[in-house]
Protein chains: 2
Amino acid sequence: MSQGLDEVAPERRSAQEDPGAASAVVEAHVLGEVRPERRRRRVSMADVARLAGVSSQTVSRVANGHPGVVDETRRLVLGAMAELGYRPNSAARALKSGEFRTIGVILFTLSTTGNVRTLEAIASSAAAEGYAITLIPVAVPTQDGVRGAFTRLGELAVDAVILLMEVHLLDAASVSLPPGVQVVVADSDAGDQYSVVDTDQADGTRQAVAHLLDLGHRTVHHLAGPEESFAAERRTAAWRRTLEEAGCPVLPVERGDWSAESGYRAGLRLAADPACTAVFAANDELALGLLRALHESGRRVPEDVSVVGFDDISEAGSFLPPLTTVHQDFAEVGRRCVEGVLRQFRNDEHERGTHLVPTHLVVRRSTGPAPR
Amino acid sequence: MSQGLDEVAPERRSAQEDPGAASAVVEAHVLGEVRPERRRRRVSMADVARLAGVSSQTVSRVANGHPGVVDETRRLVLGAMAELGYRPNSAARALKSGEFRTIGVILFTLSTTGNVRTLEAIASSAAAEGYAITLIPVAVPTQDGVRGAFTRLGELAVDAVILLMEVHLLDAASVSLPPGVQVVVADSDAGDQYSVVDTDQADGTRQAVAHLLDLGHRTVHHLAGPEESFAAERRTAAWRRTLEEAGCPVLPVERGDWSAESGYRAGLRLAADPACTAVFAANDELALGLLRALHESGRRVPEDVSVVGFDDISEAGSFLPPLTTVHQDFAEVGRRCVEGVLRQFRNDEHERGTHLVPTHLVVRRSTGPAPR
DNA sequence: CTCGTGGATGTTTACGTAAACATGGACTAC
DNA sequence: GTAGTCCATGTTTACGTAAACATCCACGAG
């Protein structure tokens with residue numbers, strides 16, 4: 001029930017009869033003689049109709065579960081479908097209906113937990129709605145990659161698009177969204193232009209910093225993400241504002257690129273500062289590197305230094321020590337993205353505004369009272 | 001150059017004159033009179049042809065870069081395209097050509113590093129070839145999810161399929177591959193049925209176990225993955241064979257579900273065994289949990305116990321201590337999957353056999369000489 | 001000067017589906 | 001008994017594209 005070639009269409013024709021088969025040229029070159037038909041013709045409604053002795057419209061009705069087909073006819077058609085192995089042709093369907101039943105997801109990378117988890121939720125929500133997901137990676141390395149994505153978008157094989165990246169990066173990638181396609185954006189600040197779904201990073205940050213201050217720390221250092229990242233900047237801004245509101249000194253940030261390795265390097269600098277007793281890391285990987293740096297510098301966590309991360313990746317509870325971190329509900333973000341984009345598509349109206357998914361602090365063992 | 005709404009065509013006409021104009025629907029709605037057309041008509045080649053004063057075939061020729069169009073005509077057509085914002089309709093193109101320029105990727109989950117990294121490589125390789133990726137998640141939770149995937153597959157909106165799961169699970173998910181679609185499988189043993197690409201897990205395991213034996217350990221314990229997983233079973237089998245060939249005792253395995261948490265629980269049992277001085281964990285997450293269990297049990301790594309993982313996830317180098325592990329080149333797996341599936345598609349021939357991508361041991365600091 | 005040649009462009013057609021409309025037969029109401 | 005109604009099914013058409021085929025014109029060779 002699940003193989004490829006063995007099933008050769010019975011009415012396979014010779015090349016003579018069908019000289020137009022795609023890339024027959026290549027094969028002719030190799031074989032030098034008869035050109036096998038490149039792609040066997042698919043079974044269409046007409047074939048089913050012929051076998052069942054009905055019109056193709058009746059087949060269409062059966063295929064789409066429309067009423068008004070008498071039981072016996074229906075059985076006849078279903079039998080013919082099964083016998084021929086009929087599958088509806090989604091290209092024809094899309095052409096007719098103008099809908100692809102597909103959502104495009106544009107992203108730069110799958111190396112961040114957030115993107116992956118959001119994508120996973122998007123994929124299952126979309127599947128539940130009968131929509132497929134087309135991945136549109138806008139790789140930075142080669143311009144070719146970008147061109148590929150551009151092309152697909154241009155051809156508009158999607159009904160709607162979810163952007164898993166910051167809107168302003170679109171320009172950099174020279175990708176333009178096709179007009180008339182609805183968009184929902186995650187991880188951005190484009191609420192005035194688009195419908196944006198995001199986790200409440202500012203509040204998560206506030207909770208994290210407040211938690212550390214409550215534990216008696218004089219202030220909180222910040223191990224930030226890369227400057228280009230909007231999420232990183234937002235967390236940094238919220239960290240700064242929380243400290244200012246509490247009247248605590250705001251010290252210069254250390255910066256990493258989200259990776260554990262960069263967190264380690266920046267962590268070594270933080271570890272060398274004896275006044276540093278609490279650090280808010282912009283994500284869990286950075287926190288992991290920081291933990292290692294602190295460990296190797298002989299500073300105990302949480303006795304000497306408290307650490308809070310961001311994301312609550314699945315491994316966070318197994319760090320040494322288990323990491324206190326801000327939990328983001330990526331699954332909910334994904335769900336809302338799909339919901340939003342489909343609502344826009346169905347109503348054919350463009351929405352704006354930002355929808356925030358709450359975040360909450362998960363307290364584990366990497367935070368403790370300030371040393372005296 | 002990169003947004004949706006603001007980009008309003010300069011020659012914007014009223015809804016009356018051209019009910020098909022972009023976003024006319026919204027306007028009509030605002031005007032509160034004519035019932036808005038559900039979905040605006042797209043700009044087609046015919047529209048471009050009319051404006052340019054040529055035939056639609058000429059537009060087609062220009063769009064596809066065919067020769068035999070004089071420069072002035074070409075400019076005329078390109079100008080009309082730009083003015084109308086023409087985008088080719090991929091549904092029509094697919095219907096005509098019989099190709100979707102899309103590869104389907106079927107997978108259960110995005111929560112394993114291997115799947116994600118492989119998918120990422122697949123996506124960029126495919127994009128470089130001008131192919132899009134359609135994600136087909138076969139979620140276990142609801143049967144609806146499975147049905148959705150089934151439907152999409154049935155409609156065959158893909159030219160080829162890459163299976164990122166074990167073939168035998170397909171049956172369980174009651175997904176059947178449509179006939180005539182070429183398949184490449186990763187992470188399975190179905191080389192007799194399909195073209196399979198995988199990392200050389202047996203050799204990676206052998207390297208890991210041999211490394212530990214070389215360090216003087218009497219034998220190597222195994223923290224295995226779930227029984228249902230083929231990858232887990234393969235690693236376990238290779239571990240057993242390597243020990244047997246070296247004449248070392250083969251002890252019962254501890255088992256986890258790939259998660260760090262389960263690694264921690266199993267690790268507590270291993271840590272309680274004073275004879276246990278070397279553990280081969282089936283993946284890095286399990287190893288992470290194991291490290292934590294050992295730490296909390298007061299057993300030092302690597303002085304008392306050596307640990308080796310599998311995968312070389314990006315965080316592995318930042319564990320405490322940095323983890324010795326088997327590196328898998330998922331990017332190469334992804335590339336070869338795309339290459340293989342496109343080759344099959346283009347030649348219209350079904351390939352079989354297993355292609356292994358080499359693995360290698362990355363020695364960090366979680367392994368050391370056996371305690372005496 | 002005429003015919004042939006070849007290049008540029010136009011016309012026809014088919015891809016598979018499904019909406020819209022047409023047909024024809026059975027049954028009901030008067 | 002006849003007209004009207006409704007239901008099952010058939011026929012026509014359009015969706016947008018591109019291959020195949022047709023046409024037309026300019027130019028060169030004889």
Side-chain angles (χ1 to χ4, degrees), chain A residues 13 15-25 37-50 52-77 80-81 84 86-101 154-157, chain B residues 20 37-50 52-77 80-81 84-101 154-157:
Chain A
R13 294 153 304 182
Q16 244 82 353
E17 287 163 8
D18 183 0
S23 58
V25 181
E37 176 186 28
R38 174 63 179 85
R39 196 77 50 202
R40 52 192 155 289
R41 205 170 52 79
R42 299 240 354 260
V43 176
S44 76
M45 281 191 170
D47 301 318
V48 175
R50 209 171 305 123
V54 300
S55 76
S56 65
Q57 182 58 212
T58 300
V59 176
S60 170
R61 279 190 266 259
V62 172
N64 295 295
H66 286 200
V69 178
V70 106
D71 270 359
E72 194 193 321
T73 310
R74 183 180 304 276
R75 263 198 307 280
L76 210 60
V77 170
M81 280 179 175
L84 296 177
Y86 168 76
R87 310 266 177 164
N89 179 319
S90 65
R93 189 171 281 185
L95 175 58
K96 191 78 178 71
S97 69
E99 298 185 11
F100 295 89
R101 294 197 77 76
E155 292 184 11
L156 193 59
Chain B
E37 171 187 28
R38 174 66 181 85
R39 196 73 54 196
R40 56 194 155 286
R41 206 170 51 78
R42 300 237 356 258
V43 177
S44 76
M45 281 191 171
D47 301 319
V48 176
R50 208 171 305 123
V54 300
S55 76
S56 66
Q57 183 57 211
T58 299
V59 176
S60 169
R61 279 189 266 259
V62 171
N64 295 294
H66 286 201
V69 178
V70 107
D71 270 1
E72 193 193 321
T73 309
R74 183 180 305 275
R75 262 197 310 279
L76 209 60
V77 171
M81 281 179 174
L84 296 177
Y86 167 76
R87 309 267 178 164
N89 179 319
S90 66
R93 189 171 280 187
L95 176 59
K96 192 77 178 70
S97 70
E99 298 186 11
F100 295 88
R101 293 197 78 76
E155 291 184 14
L156 193 59

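Naming convention: chains lettered A, B, ... in sequence-line order (proteins, then strands); numbering from 1 in each chain.
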Against the side chain of A:Gln57, the closest entry in D:dT17, C:dT17, D:dT11 is D:dT11
Check this for me: does the side-chain of B:Arg87 come within 3.5 Å of the base of D:dG16 through a donor and an acceptor? no
For a quick check of understanding: with a heavy-atom distance under 4.0 Å over all strands, which category does A:Thr73 fall into, base, sugar-phosphate or nothing? sugar-phosphate
First encountered from the 5' end of DNA chain C, between B:Gly53 and A:Lys96: B:Gly53
Quick one: A:Leu76 CG to D:dT9 P, roughly how many Å, whole number? 10 Å
Could you state the CG-P distance from A:Asn89 to C:dC15, rounded to the nearest angstrom? 12 Å
Can you tell me if the side-chain N/O atoms of B:Thr58 get under 4.0 Å from OP1 or OP2 in C:dG10? yes
May I ask you to verify if any side-chain N or O of B:Arg93 is less than 4.0 angstrom from the OP1 or OP2 atom of D:dA18? yes
Roughly, in whole Å, what's the span from CZ in A:Phe100 to C1' in D:dC15? 11 Å
Choose from C:dA18, D:dT17, D:dC15 the nucleotide whose nearest atom is closest to any side-chain atom of A:Leu95. D:dC15
Within residues 64-71 of chain B, those residues having any heavy atom closer than 4.0 Å to DNA chain D are B:Asn64, B:His66
Given D:dG10, C:dA18, C:dG10, which nucleotide is nearest the side-chain atoms of B:Val54? C:dG10
